[in-house]
**Student:** 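One structure follows; several queries about it will come next.
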There are 2 protein chains.
Amino acid sequence: MISTKWALLIIPLLAERPVRNNEFLRLIDGVSQKMLTQTLRELERYGLVERIDYRTVPPHVEYRLTPIGRSLNLVLVPIDDWAEKNFPKLLTAQQDFDRRQESEASVRTKPL
Amino acid sequence: MISTKWALLIIPLLAERPVRNNEFLRLIDGVSQKMLTQTLRELERYGLVERIDYRTVPPHVEYRLTPIGRSLNLVLVPIDDWAEKNFPKLLTAQQDFDRRQESEASVRTKPL
DNA sequence: CAGCATCCGGATGGATACTG
DNA sequence: CAGTATCCATCCGGATGCTG
């Protein structure tokens, strides 16, 4: 359920405050309208997010975390912290790994 | 990084003990050899998982968590707990949601 | 046993145009 | 503003066959 590209970005945002459709599009880099709606519907479906339509013109819709959604966010916070803390390590590990792969590739490519 | 279909299933398994390729295939329902290798390589790439090749015949390869991987698992445990605890709620929420969708659909379909 | 290479259908997701 | 609908290229991932 959270093993999806955008859910882990949406939920922490909603933990701060209610967010509107266009705000998401601005705040989450790279998400398309389609994927945003799809993910929000999914989260709504599981009762994690509540969609509030003020039925005004022009439309005003906001999304909030439900109590269950909030309880999920609580266990997600440590992951954010972990990610922030370990990001540099992950990056260098990745670069090292890729460098190793490259050198092996060149061995296979130029066996002379 | 963990927003991928199999990573969240692989890591907790490795937290228990080292696991071999075929064990994964047996223990993780639905994973294919291709996806398993792909995910393991990815985790290895970030330095979360270590691949140990005993260089025997027949081959014996095992995967372990690195210290960083272990620290990640630590923050993942609460998610597992959360999931187990809230699964019933999520399920009924989902069913309710789907039922609501259905009734709305029938309104749109037969407007007489 | 571990895992790579290839093929291939179906799902995914972006772009665009449109609606209330 | 908040979406839906459609089109369509891309990618994902399963199945199969093969290798050391």
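Chain letters run A, B, ... following the sequence lines, proteins first, then strands; residues in each count from 1. Side chains are part of it too, since the values below use all heavy atoms of this structure and drop only hydrogens, waters and symmetry mates.
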**Student:** Could you check Arg26(A) against Glu23(A) for salt bridge (charged side-chain N to carboxylate O under 4.0 Å, His left out), going step by step and ending with a plain yes or no?
**Tutor:** CA-CA 5 Å; Arg26(A) 276 194 302 272; Glu23(A) 287 186 281; 5.2 Å; no
**Student:** Indicate whether the side chain of Asn21(B) and that of Gln33(B) have a donor and an acceptor atom separated by less than 3.5 Å.
**Tutor:** yes
**Student:** Does Pro58(A) or Gln33(A) map to a spot on DNA chain D nearer the 5' end, using the closest nucleotide for each?
**Tutor:** Pro58(A)
**Student:** In whole angstrom, give the distance that lies between atom CG of Leu36(B) and atom P of dC1(C).
**Tutor:** 14 Å
**Student:** How long is the line joining CD of Glu42(B) and P of dC12(D), in whole Å?
**Tutor:** 11 Å
**Student:** Hey, does the side chain of Arg41(B) come within less than 4.0 Å of dC4(C)'s phosphate (OP1/OP2), counting only N and O?
**Tutor:** yes
**Student:** Among the nucleotides dC1(C), dT4(D), dG14(C), which one has an atom lying closest to any side-chain atom of Thr37(A)?
**Tutor:** dT4(D)
**Student:** In this structure, how many angstroms lie between the P atom of dC4(C) and the CG atom of Asp53(B), rounded?
**Tutor:** 11 Å
**Student:** Met35(A) has an atom CE; how far is it from atom P of dA11(C), in whole Å?
**Tutor:** 14 Å
**Student:** How close or far is atom C1' of dT10(D) from atom NZ of Lys5(A), stated in whole angstroms?
**Tutor:** 13 Å
**Student:** If the cut-off is 4.0 Å, is Arg20(B) near the phosphate of dC1(C), judged by side-chain N/O to OP1 or OP2?
**Tutor:** no
**Student:** For the pair made of CG in Leu25(B) and P in dC4(C), what is the distance, rounded to whole Å?
**Tutor:** 13 Å
**Student:** Considering the options Asn73(B), Val75(B), Asp80(B), which one meets the side chain to side chain contact (heavy atoms under 4.5 Å, CB included) requirement together with Val77(B)?
**Tutor:** Asn73(B)
**Student:** With a 4.0 Å cut-off on heavy atoms, is Phe24(A) in touch with a base, just the backbone sugar-phosphate, or nothing at all?
**Tutor:** nothing
**Student:** Tell me the interatomic distance from Glu23(A), atom CD, to dG3(D), atom C1', rounded to whole angstroms.
**Tutor:** 16 Å
**Student:** When all nucleic acid strands are considered with a 4.0 Å heavy-atom cut-off, which category describes Arg55(A): base, sugar-phosphate, or nothing?
**Tutor:** nothing
**Student:** Taking OP1 and OP2 of dC1(C), is either one under 4.0 Å from a side-chain nitrogen or oxygen of Asn21(B)?
**Tutor:** no
**Student:** So if I take every side-chain heavy atom of Tyr63(B) and compare against dG3(C), dC1(C), dG14(D), which nucleotide ends up nearest?
**Tutor:** dG3(C)
**Student:** Choosing from dA2(C), dG13(D), dA2(D), which nucleotide comes nearest the side chain of Lys34(B)?
**Tutor:** dG13(D)
**Student:** What I want to check is whether the side chains of Glu62(B) and Tyr54(B) have a donor and an acceptor closer together than 3.5 Å.
**Tutor:** yes
**Student:** Nearest-Å distance, CD1 (Ile28(A)) to C1' (dG13(C))?
**Tutor:** 16 Å
**Student:** Check every atom of dG14(D), dG20(D), dG14(C) against the side chain of Ser32(A) and return the nucleotide holding the closest atom.
**Tutor:** dG14(C)
**Student:** Tyr54(B) near the nucleic acid: base, sugar-phosphate alone, or nothing, with a heavy-atom cut-off under 4.0 Å?
**Tutor:** nothing
**Student:** Is it the case that the side chain of Thr66(A) and the backbone of Leu48(A) share a donor-acceptor pair, with hydrogens and angles ignored and the cut-off at 3.5 Å?
**Tutor:** yes
**Student:** Arg51(B) side chain N/O closer than 4.0 Å to the phosphate oxygens (OP1, OP2) of dA2(C)?
**Tutor:** no
